[in-house]
Number of protein chains: 2
Amino acid sequence: MSAAREESRVPGREPLTAPVEDYLKAIYAIGRGSGAAATNEIAQRLALAPASVSGMVRRLADQGLLAYERYHGVKLTESGRRAALRTLRRHRVIEAYLAEALGYPWDRVHEEAERLEHAASDELVDRMAATIGEPEVDPHGAPIPTKDGSVDETEYTSLADLAVGASGVVVRVADEDPEMLRYLGELSILPGKRITVKSRAPYDGPITLGSGRQEMSIGPALASHVLVAPLADRAGKRG
Amino acid sequence: MSAAREESRVPGREPLTAPVEDYLKAIYAIGRGSGAAATNEIAQRLALAPASVSGMVRRLADQGLLAYERYHGVKLTESGRRAALRTLRRHRVIEAYLAEALGYPWDRVHEEAERLEHAASDELVDRMAATIGEPEVDPHGAPIPTKDGSVDETEYTSLADLAVGASGVVVRVADEDPEMLRYLGELSILPGKRITVKSRAPYDGPITLGSGRQEMSIGPALASHVLVAPLADRAGKRG
DNA sequence: GAAATAAGTTAGTATGTCCTAACTTTTCCC
DNA sequence: GGGAAAAGTTAGGACATACTAACTTATTTC
Ligand SMILES: [Mn+2]
Ligand SMILES: [Mn+2]
Ligand SMILES: [Mn+2]
Ligand SMILES: [Mn+2]
């Protein structure tokens, strides 16, 4: 009864399910660039029990989407990476479209895109992208992978790692926590904004920032979710 | 282990799954107005085995979404009807939006909407509707249910039932078969078009139509998928 | 109204995804 | 390097959805 089905399982042309796409995205995000993703880390990102991840990860490895060595985490294969980037492109184009064309506030696009990314066809995503002028980043500043599967993987410094006295332009903020996004919006810490670190209190204390004539103070947890492109300035980076 | 889950199953506030929403839509479409939907008919519409329908239908009845009498078909309950109309609204708003805002051709909106209807939030659907000016019909002329769950349930005559000599305005065409839609488009048999039945060959033969100075001939199978609002004219209806 | 046919159901199975509990392997630390 | 802690896996089960095969009920036809 499963012979025919087995046969049709050529290499990998069946559409992936929503959970599978989410696993691949999570694994990509964790091991961005190269590193292996740990079971527990995947579980935490997806809010699943580690045991569930063990099971799924084995199936994904069987399908050739990732390389799995028991007890030692997983890495995307080329095919898995392609699938992850395809979903990531969908997600980010959708976010950009919702914000641009439908007036969605930036703190609510993520949740919507998290579901739509699995239902939208390539054609829809391409039309969305075309309609809003082929954006290169989503509303949170994350780069949108191209159709052929390339992305800008530049690693930026977080505001928590910028030295006192240094300046940077905000390029990207974490996009999953709506409340955080609303707060950043209030502070107008938005992609494109130029910010200078004025001071940093010891023992993970508040970081004082200047932006234009505005001054404000945020905690390191928040600062670590704001990525900046450092500007050549009077100071360097701190470890 | 399942006590907590059982408990939270109050009456009906958990989101419905995609298959469930599709069942409800199918049952609504079959028994529109009142009639009961037969197992086989549901199975055929959803391209499932009848046995699968028997199983699902029992579960939906347990959830209070439909009234089921073994061997005698099902009817939507009030709660089931509400859910069906909610999905139908989503489907049609999405179709309208895709056509209007993204330039989708009318033969491809249905398939896309069939998936998106399960992933889009109410907010998204409402924003789409607002953006294109709260349309009352989808690209195929089907009425869009309102947010509070009312729809125009007028039953129209099909072109196959219009008497020779009678005229009507096309109000709606069947939306599932892309090839048929493309053909109707070529003939420009579109919602809003005024059409007169010129002649009808016996034994289910071709029906000759006139529209403006154009004349054309279609089979009864196709004609039955075109609904018209008859115009008071020189002829009535044929049985 | 009984046989034939159609319609519908049940039984048993499969697949995908998830869970908890119990176990195993790896890593950390003295 | 050996034991504790952390990380990860397996075992066993639940649930939703689908299927085929075999059976039952309803409808049609003579
Ligand atoms: Mn998702
Ligand atoms: Mn984003
Ligand atoms: Mn659907
Ligand atoms: Mn339609």
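If you're wondering where the values come from, they're calculated on a predicted model, not measured in any experiment. Within every chain, numbering begins at 1; the chains are lettered A, B, ... in the order of the sequence lines, protein sequences first and strands thereafter.
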Taking the side chain of [X] as heavy atoms from C-beta outward, which of [options] is closest to it?
{"X": "B:Ser52", "options": "C:dT9, C:dA7, D:dA18", "answer": "D:dA18"}
{"X": "A:Ala51", "options": "C:dT17, D:dA11, C:dT9", "answer": "D:dA11"}
{"X": "B:His72", "options": "D:dT9, D:dA26, D:dG8", "answer": "D:dA26"}
{"X": "B:Tyr71", "options": "D:dA26, D:dT17, C:dT10", "answer": "D:dA26"}
{"X": "B:Arg70", "options": "D:dT10, D:dG8, C:dT9", "answer": "C:dT9"}
{"X": "B:Pro19", "options": "C:dT10, C:dT9, D:dT17", "answer": "D:dT17"}
{"X": "B:Thr17", "options": "D:dT9, C:dT20, D:dT17", "answer": "D:dT17"}

Problem - Residues that B:Glu123 engages under side-chain hydrogen bond (donor to acceptor under 3.5 Å, both in side chains), provided they are two or more places apart - result: A:Arg108, B:Arg127
Nucleotide [N], atom [atom2] - distance to [atom1] of [X] in whole Å:
{"X": "B:Ile42", "N": "C:dG8", "atom1": "CD1", "atom2": "P", "answer": "9 Å"}
{"X": "A:Leu60", "N": "D:dT9", "atom1": "CG", "atom2": "P", "answer": "13 Å"}
{"X": "B:Leu24", "N": "D:dT17", "atom1": "CG", "atom2": "P", "answer": "11 Å"}
{"X": "B:Leu16", "N": "D:dT17", "atom1": "CG", "atom2": "C1'", "answer": "15 Å"}
{"X": "B:Glu14", "N": "D:dA16", "atom1": "CD", "atom2": "P", "answer": "10 Å"}
{"X": "A:Leu65", "N": "C:dG16", "atom1": "CG", "atom2": "C1'", "answer": "15 Å"}
{"X": "A:Glu21", "N": "C:dG16", "atom1": "CD", "atom2": "C1'", "answer": "15 Å"}
{"X": "B:Arg58", "N": "D:dC15", "atom1": "CZ", "atom2": "P", "answer": "15 Å"}

Problem - Lys/Arg-Asp/Glu bridge criterion (N-O < 4.0 Å) met for B:Arg200, B:Asp161 - result: no
Practice task
Please determine if A:Asp122 and A:Arg90 form a salt bridge, counting it only when a charged side-chain N lies under 4.0 Å from a carboxylate O.
Solution key: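 Yes, this pair counts.
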Look at the side-chain N and O atoms of [X] and state whether any lies under 4.0 Å from the OP1 or OP2 oxygen of [N].
{"X": "B:Ser54", "N": "C:dT10", "answer": "no"}
{"X": "B:Tyr23", "N": "D:dA18", "answer": "yes"}
{"X": "A:Tyr68", "N": "D:dT9", "answer": "yes"}

Practice task
Indicate, with a heavy-atom threshold strictly under 4.0 Å, whether B:Arg59 touches base, sugar-phosphate, or nothing.
Solution key: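 Answer is base: heavy atoms of B:Arg59 come under 4.0 Å of a base.
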Problem - Within 6.0 angstrom of A:Glu179 CD, more than 12 heavy atoms from elsewhere - result: no
Problem - Pairs touching residues 46-61 of chain B that satisfy side-chain hydrogen bond (donor to acceptor under 3.5 Å, both in side chains), sequence neighbours left out - result: none
Handout entry: Earlier contact from the 5' end, DNA chain C, for A:Met56 and B:Ala37
Key = B:Ala37
